[in-house]
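Remember, it's 1-based here, ligands and their atoms both numbered in the order they're listed. Small disclaimer: the values here were computed from a predicted structure and weren't measured. Position 1 is the first residue of the sequence; numbering continues from there.
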Amino acid sequence: MNDLTPTREQRTAALEGMGCKRKRVEDIRFTQGRGNYVDDVKLPGMLHGDFVRSPHPHARVKTIDDSAALKVPGVLAVITAETLKTVNLAWMPTLAGDVQMVLADGKVLFQNQEVAFVVATDRYAADDGINAVIVEYEPLPPLVDPFKAMDPGAPVLREDLVGKMSGAHGPRKHDNHIFEWTVGDKHLTDAAFKKADVSIKEMISYHRTHPSPLETCQCVCSFDKIKGELTIYGTFQAPHVIRTVVALIAKIPEHKIHVIAPDIGGGFGNKVGAYPGYICAAVASIVTGKPVKWVEDRIENLTATSFARDYHMTTEVAATKEGKVTGLRVHVLADHGAFDACADPSKWPAGFFNIVTGSYDFPTAHLAVDGVYTNKAPGGVAYRCSFRVTEAAYCIERAMDILAQKLKMDPAELRLKNFIKPEQFPYHSALGWEYDSGDYHTAMRKMMETTGYAALRKEQADKRAAFTRGETREIMGLGISFFTEIVGAGPSKNCDILGIAMFDSCEIRMHPTGAGIARVGSKSQGQGHETTWAQIIATEIGIPADNIMVEEGNTDTAPYGLGTYGSRSTPVAGAAIAMAARKIKAKAQMIAAYKLEVHEDDLEFDIDGFRVRGLPEKFMSMKDICWAAYNSVPPGMEPGLEAVSYYDPPNMTYPFGAYLCVMDIDVDTGVYKVRRFYALDDCGTRINPMIIEGQVHGGLTEAFAIAMGQEIRYDEVGNVVTGSFMDFFMPTAVETPHWETDFTVTPSPHHPIGAKGVGESPNVGGVPAFSNAVNDAFSFLGSTHIQMPHDFWRNWKAAKELGAVA
Ligand code: PCD
Ligand SMILES: [Cu+]
């Protein structure tokens, strides 16, 4: 060896593999305005479609008169439910087993519901056309309050379901009832409550909100009449699922449908489902023979394509007087809006809400969820949380604080006392999950030490005393959240979408010169998959990440995958990538053995190639093996170096974290200041620490938004009053707090590289930390639970109701 021979460290660094803070390769195009989004797709002769929407939350549609609209210059067609009926597309199936109107069929069920689709030569003409369509409505009484949905005299919303006393998830109790879902042991839980020394009961609501990605939902549909082929460019988090759904409902053979999800400007769950715009643009393209673009505006996005949360959780915890939890009972009233279009795996009507026992060792628990229809937009998407996990984490983390308050115990101490212990993993929860791994005590103690938790409590006690003496008008809150996420849907034994098992896939093809392409079934919306997927391959096969091109989103080239949401890409697609890489490596080893004239078993992998055991100078680099794969493979072996893997995970992964929010609130104005926010995340093996940090920053910012003001609100007659960023809180850099991030590493025992998801964790853990901080600040004035969102006005109102403000 001479001085120019790279060291092992240098060889490892050159790969930029797992653990490296590799710069995001996709940002080169994004930061130079060279991204290719759906709105950048401009096809020759392309038309534009836009919707006539209902001003009423609940009304009968008497007539739709399009004669004036068709006279508007540039308007070519007006599509209504009647048009769609001719192709059997007036209604579409939802992911939750319900059906949904594509365009109003006799009735409208929420404000801004799609009523007619106007197709024109440009967007302006389409808009003029919309204004010229005359719709005659007969208003009906709106049902806004979910608690009144099952009243005997409640207006019946879904006339198509009248008399159907059973739905996709079992029996229905009322015409406005969708399902009841129960888990756990009711009998044992009731017994635990009877025996309990202490118990708490609280109605904890997680208000309706919306993911509102920067780029709204959109598509371009182009039907080629001669070939009978439909190409759809769209903002899809799950392109293959869209292809299958289109094949099933439009009866076009699946190989004649090309779905392409180009660059996506944020998804956050909003782009999982299928919306009327996609169907209408496709039908319009088939009818006109021209490509048709549909791009929703901000108001349409906020008010019509999906929502998140809207869970009303009556929560009870039983405990001993020493603070050991003995039982959990939760009833959820879930407001699903006008159609059940919840984006969950098919068998899970309330997603994975049964993770509600959280990080604690509850010997017994019982959960019941009732889903109801109201005159609100349909949806129920995850919004940066794996299928109702943020609702569950909020529920249990608020409840633990309320219990601590009742027991007069420190909430950190109460948590430490009840955590699942490291030796209990794999842990079987009372509500049916098997937690793969965790070390909660270590994470919690690290959080407490790093933040100086004890000193902060002391400061709080002093401030409270000063407040009581009238020396200050500021109160201080410490918001702890210790969450357990469940991500990586999922094992095919219990997770599917419309019958398709939730595996994921990767195909790697190595080229002769030591570069390659990896095609994956996931679809990045900003997460940085082009960067991180190449890092996994780099470490696995010893080819620099820079030499691996990652491609996602084109259903013609990518292997079938279930897409990106629920932080499933790392747990599922990430595993498929590692497994495909290992197949490449196994073949490479055979080639190297042949070339080095040794037995395969005499070789060991060494960073970027294979070395003969005991003969360190006999080495063949991966790069050279790639070349050999195309000219001198062992006799009988097929040339080439490529592999495919479809990975069905044996279990979910369970990331966790310990967060602390330190907040000061001025009682006279309700103005809060987030003094500190510390977030420790454990996502197992870390692929790219810089991307993880970015994910945590983004997720915490959304958590901050949700907890502190963001809300989709309806007035009492069903008008949606938060339809723009004037009213819907979207924090900018000005409001956003400073984030302190930290980590521990507890690998997943079943994942090939030990990684768990992380993208959603900060939202799941963040919301309770903020809310607990506000509640903790006010608790000494006598409150137990103040409802989110905690904007200035509500804080001031809370202070007033608690007698702190005259
Ligand atoms: N351990 C680990 C984990 C992870 N990672 C990284 O991180 C990321 C993320 O991941 P995950 O967790 O796996 O996830 P994903 O699947 O990929 O994704 C999803 C998520 O993601 C998040 N994030 C984000 N970002 C951005 N930028 N954008 C967006 O849109 C978004 N979204 C959000 C959401 S909402 Mo849902 O849908 O609601 O359910 S779900 C979600 C990527 O890149 C990866 O690779 C690493 O590195 N390591
Ligand atoms: Cu969720």
Side-chain angles (χ1 to χ4, degrees), residues 17-22 24-27 30 209-215 235-238 263-273 306 308-309 342-345 351-352 379-390 485-489 504 520-536 550 552 561-575 577-578 652-653 655 681-703 743 745-748 751 753-764:
M18 283 193 277
C20 169
K21 295 185 181 173
R22 183 178 186 226
R24 293 171 33 116
V25 292
E26 42 274 90
D27 289 356
F30 294 155
T209 180
H210 192 283
S212 47
L214 217 53
E215 176 201 38
T235 48
F236 304 136
Q237 292 184 230
D263 287 328
I264 294 184
F268 309 112
N270 193 189
K271 293 164 179 172
V272 173
S306 86
R309 330 301 192 221
C342 242
D344 293 312
F352 303 154
V381 298
Y383 186 4
R384 212 170 190 138
C385 102
S386 166
F387 315 122
R388 305 291 186 180
V389 175
T390 182
E485 255 262 76
I486 166 169
V487 302
D504 227 288
V520 189
S522 50
K523 174 61 204 161
S524 186
Q525 311 124 42
Q527 292 87 345
H529 293 171
E530 285 167 55
T531 306
T532 51
W533 295 165
Q535 290 182 260
I536 298 178
V550 173
E552 299 177 315
L562 275 282
T564 292
Y565 42 85
S567 263
R568 64 185 298 279
S569 305
T570 301
V572 193
I577 294 163
M652 314 269 182
T653 67
D681 274 278
D682 191 318
C683 57
T685 306
R686 292 148 51 89
I687 304 164
N688 184 326
M690 184 198 65
I691 287 203
I692 293 174
E693 193 174 1
Q695 287 291 310
V696 173
H697 283 202
L700 289 177
T701 304
E702 286 179 322
F743 65 97
V745 177
T746 312
S748 165
H751 187 282
I753 58 169
K756 303 181 177 185
V758 77
E760 312 179 314
S761 298
N763 190 316
V764 172

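Using a cut-off of 4.0 Å between Lys/Arg side-chain N and Asp/Glu carboxylate O, E215 and K271 are scored as salt-bridged.
Residue G684 has no nitrogen or oxygen atom sitting less than 3.5 Å from a nitrogen or oxygen atom of ligand 1, judged on distance alone. For ligand 1, none of its N or O atoms has an N or O atom of W533 under 3.5 Å away. For ligand 1, the polar-atom distance check finds an N/O of G759 within less than 3.5 Å of one of the ligand's N/O atoms. Any N or O atom pair closer than 3.5 Å counts here, and P571 shares no such pair with ligand 1. Any N or O atom pair closer than 3.5 Å counts here, and V758 shares at least one such pair with ligand 1. Note: no N/O pair closer than 3.5 Å links R686 and ligand 1 by distance alone. Remark: ligand 1 and K756 share an N or O pair separated by less than 3.5 Å (distance only, no angle test).
Remark: ligand 1 atoms within the under-4.0 Å shell around heavy atoms of Y383 are 38 (O). Taking every heavy atom of Q237 and a limit of under 4.0 angstrom, the matching atoms of ligand 1 come to 37 (O). Each of the atoms 36 (Mo), 39 (O), 40 (S) of ligand 1 lies under 4.0 Å from some heavy atom of E760. Atoms of ligand 1 lying under 4.0 Å from any heavy atom of G266, numbered from 1 in the order shown and given with element: 30 (O). If you number the atoms of ligand 1 from 1 as listed, the ones under 4.0 Å from a heavy atom of T532 come out as 43 (O), 44 (C), 45 (O). Below 4.0 Å from some heavy atom of G566 lie the following atoms of ligand 1, by number and element: 36 (Mo), 39 (O), 40 (S).
In terms of protein heavy-atom proximity, atom 38 (O) of ligand 1 is nearest to R384 N, 2.6 Å. Remark: minimum distance from atom 20 (C) of ligand 1 to any protein heavy atom is reached at Q527 NE2, 3.7 Å. Among protein heavy atoms, atom 16 (O) of ligand 1 sits closest to S569 OG, 2.7 Å. With respect to atom 7 (O) of ligand 1, the closest heavy atom belonging to the protein is I691 CG2, 3.7 Å. Looking only at heavy atoms of the protein, atom 47 (O) of ligand 1 is closest to N688 N, 3.0 Å. For atom 13 (O) of ligand 1, the nearest protein heavy atom (residue, atom name, distance) is T570 OG1, 2.7 Å. Distance from atom 17 (O) of ligand 1 to its nearest protein heavy atom, with residue and atom name: H529 NE2, 2.7 Å. For atom 26 (C) of ligand 1, the closest non-hydrogen atom on the protein side is G526 C, 3.7 Å.
A side-chain donor-acceptor contact under 3.5 Å links H751 to the backbone of T570. With hydrogens and angles ignored, the 3.5 Å screen pairs a side-chain donor or acceptor of R22 with a backbone N or O of T531.
Counting heavy atoms under 4.0 Å from ligand 1, residue Q695 touches it through the side chain alone. If you look at P213 next to ligand 1, there are no close heavy atoms at all, none under 4.0 Å. When non-hydrogen atoms are compared, ligand 1 lies under 4.0 Å from the backbone of T685 (N, CA, C, O) but not from its side chain. Here F268 has heavy atoms under 4.0 Å from ligand 1 in both its backbone and its side chain. Both the backbone and the side chain of I687 come within contact range of ligand 1, each with a heavy atom under 4.0 Å.
Between the side chains of D682 and T746, at least one donor N or O lies within less than 3.5 Å of an accepting N or O. For the 3.5 Å distance criterion, the side chains of W533 and S524 fail to qualify, holding no donor opposite an acceptor. For the residue pair S569 and T564, a side-chain donor N or O sits within less than 3.5 Å of a side-chain acceptor on the partner.
The side chain to side chain contact (heavy atoms under 4.5 Å, CB included) test with T390 singles out one residue from E760, R384, R309, and that residue is R309. Screening V272, N270, V487 against Y565 for a side chain to side chain contact (heavy atoms under 4.5 Å, CB included) leaves a single residue, V272.
The closest approach between any non-hydrogen atom of C385 and ligand 1 is below 4.0 Å.
Closest to atom 37 (O) of ligand 1 by heavy atom, among G757, S522, G269, is G269.
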